[in-house]
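Here's the structure, in structure tokens; my notes come after.
Residue numbers count from 1 along this sequence.
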Amino acid sequence: ALLDTQNLLRAQITNFTFNLGFSGKFYHTGTQEEDEGDDCLLGSVDEFWWFPHMWSHMQPHLFHNESSLVEQMFLNKKFALEHGIPTDMGYAVAPHHSGVYPVHVQLYEAWKKVWNIKITSTEEYPHLKPARYRRGFIHKNIMVLPRQTCGLFTHTIFYKDYPGGPKELDKSIQGGELFFTVVLNPVSTWSDSSNNDEK
């Protein structure tokens, strides 16, 4: 379905490509169907762009030293290399955007050492709301893009289960937050709006 959707979008947006985050610790830890899904994604590894999360999707600010962060990142890099996932995109997203802003210095240092990260994103700078006032910045030669949010969640699978109900989603689409986010932002950096960023 992801490949079909990507191809459908490419018919209207030249070279549209989904950018998938990965936390290697969770590979083959689900149901049989979920494990088959893991294999299907990795069987199409060249069809997508990829970026690293932390090995166990743990928030970087919970690590108190750089060496622990580096160790976790190397586990994820080893996973990527074993499965043919490209490791040279130069983009990463911290789980829950932890440590990007306010800056956790150890995160930026570890990103440079392990992944040679040049770009990331956050929704927190200079503050969370209103979203239209978010700005980018540069720290330790890593560009931090202002991330957009729109109230859509990867953990919401069914229309009827949208938080607040289908009427709330329709309101967002027809002149609400989602509508204005798309209309007012000529360039957007998107990721999942849930706590399970970019899965």
**Item:** Evaluation steps, side chain to side chain contact (heavy atoms under 4.5 Å, CB included), between Phe79 and Leu75
**Value:** CA-CA 6 Å; Phe79 170 81; Leu75 286 171; over 6 Å; no
**Prompt:** Is there side-chain contact between Thr17 and Glu47, with at least one heavy-atom pair below 4.5 Å?
**Reply:** no
**Prompt:** If only atom types and distance count, is the side chain of Thr120 paired as donor or acceptor with the main-chain N or O of Ala92 below 3.5 Å?
**Reply:** yes
**Request:** Quick one: closest heavy-atom pair of Phe18 and Leu9, and the distance?
**Result:** CZ-CD1, 4.1 Å
Less than 3.5 Å apart, which donor and acceptor atoms pair up between the side chains of residues 165-175 and the rest of the protein, not counting sequence neighbours?
{"unit_1": "Asp170", "atom_1": "OD1", "unit_2": "Tyr159", "atom_2": "OH", "d": "2.9"}
{"unit_1": "Asp170", "atom_1": "OD2", "unit_2": "Tyr159", "atom_2": "OH", "d": "2.7"}
{"unit_1": "Ser172", "atom_1": "OG", "unit_2": "Leu178", "atom_2": "N", "d": "3.0"}

**Backbone N/O of Pro95 and side chain of His57: donor-acceptor pair under 3.5 Å** = no
**Request:** Look only at the side chain of Asp38 and the backbone of Tyr27, and say whether a donor-acceptor pair between them is shorter than 3.5 Å.
**Result:** no
**Asked** Is there side-chain contact between Val100 and Val93, with at least one heavy-atom pair below 4.5 Å?
**Response** no
**Item:** Check: Thr87 and Trp50 side chains under 4.5 Å, non-hydrogen atoms
**Value:** no
**Asked** What are the two closest heavy atoms between Leu62 and Met58, and how far apart are they?
**Response** CB-CE, 3.9 Å
**Item:** Side-chain touch Pro60/Met54, heavy atoms, less than 4.5 angstrom
**Value:** yes
**Message:** Quick one, His53 with Phe51, criterion ring pair (Phe, Tyr, Trp, His ring centres under 6.0 Å). Give me CA distance, side-chain angles, the key distance, then yes/no.
**Reply:** CA-CA 7 Å; His53 268 326; Phe51 65 88; 5.5 Å; yes
**Request:** Could you tell me which non-hydrogen atom of Phe16 sits nearest to which non-hydrogen atom of Arg10, and how far apart they are?
**Result:** O-NE, 2.5 Å
**Message:** Could you measure the distance from the CD atom of Glu82 to the NZ atom of Lys77? Nearest 0.5 Å is fine.
**Reply:** 13.5 Å
**Request:** Group every Ile, Leu, Val, Met, Phe, Trp and Tyr by side-chain heavy-atom contacts under 4.5 Å, then state whether Val103 and Leu128 land in the same group.
**Result:** no
**Prompt:** Can Leu107 and Met73 be said to form a side chain to side chain contact (heavy atoms under 4.5 Å, CB included), step by step?
**Reply:** CA-CA 10 Å; Leu107 171 63; Met73 289 181 189; 3.8 Å; yes
**Item:** Atom pair OG1/CG of Thr122 and Leu145 - distance to nearest 0.5 Å
**Value:** 10.5 Å
**Request:** Using the rule that two of Ile, Leu, Val, Met, Phe, Trp, Tyr join whenever any of their side-chain heavy atoms come within less than 4.5 Å, decide whether Met89 and Ile85 are in one cluster.
**Result:** no
**Check against side chain to side chain contact (heavy atoms under 4.5 Å, CB included), Lys78 and Trp55** = CA-CA 10 Å; Lys78 181 179 180 215; Trp55 165 249; over 6 Å; no
**Item:** Test of ring centre spacing under 6.0 Å for His83 and Phe22
**Value:** no
**Complete:** Taking every heavy atom of Phe63 against every heavy atom of His104, the minimum-distance pair comes out as O-NE2, 3.0 Å
**Prompt:** Where do Tyr91 and Pro52 come nearest, in terms of heavy atoms and distance?
**Reply:** O-CD, 3.3 Å
**Complete:** Value for CD (Gln6) from CG (Asn15), rounded to nearest 0.5 Å, stands at 10.0 Å
**Prompt:** When you look at OH of Tyr133, are more than 12 heavy atoms from neighbouring residues, nucleotides or ligands closer to it than 6.0 Å?
**Reply:** no
**Request:** Evaluate the side-chain proximity of Lys112 to Ile142: yes if any heavy-atom separation is below 4.5 Å, no if none is.
**Result:** yes
**Message:** So does Val70 get a backbone contact from the side chain of Lys113, meaning a donor-acceptor N/O pair under 3.5 Å?
**Reply:** no
**Request:** State, yes or no, whether a side-chain contact exists between Leu2 and Leu20 at a heavy-atom distance under 4.5 Å.
**Result:** yes
**Prompt:** Under a single-linkage definition using a 4.5 Å side-chain heavy-atom cutoff for Ile, Leu, Val, Met, Phe, Trp and Tyr, are Val114 and Val105 assigned to the same hydrophobic cluster?
**Reply:** yes
**Asked** So does Lys140 have more than 12 non-hydrogen atoms from other groups sitting under 6.0 Å from NZ?
**Response** no
**Message:** How long is the straight-line distance from CG of Asp39 back to OG of Ser44, given to the nearest 0.5 Å?
**Reply:** 11.0 Å
**Item:** Tyr101 side chain near His139 side chain, heavy-atom distance below 4.5 Å
**Value:** no
**Asked** Between atom CG of Leu69 and atom NE2 of His64, what is the distance when rounded to the nearest 0.5 Å?
**Response** 10.0 Å
**Prompt:** Relative to each other, are the rings of Phe137 and Tyr125 parallel, tilted or perpendicular (30° and 60° limits)?
**Reply:** tilted
**Asked** So, does Arg134 use its side chain to make a donor-acceptor pair with the main chain of Arg147 at under 3.5 Å?
**Response** yes
**Request:** Mind listing the closest non-hydrogen atom pair of Trp111 and Ala94 along with its distance?
**Result:** CZ2-N, 3.8 Å
**Message:** Applying a strict under-4.5 Å side-chain criterion to I, L, V, M, F, W and Y, I'd like to know whether Ile13 and Leu8 cluster together.
**Reply:** no
**Item:** Neighbour count above 12 (heavy atom, 6.0 Å) for Asn141 CG
**Value:** no
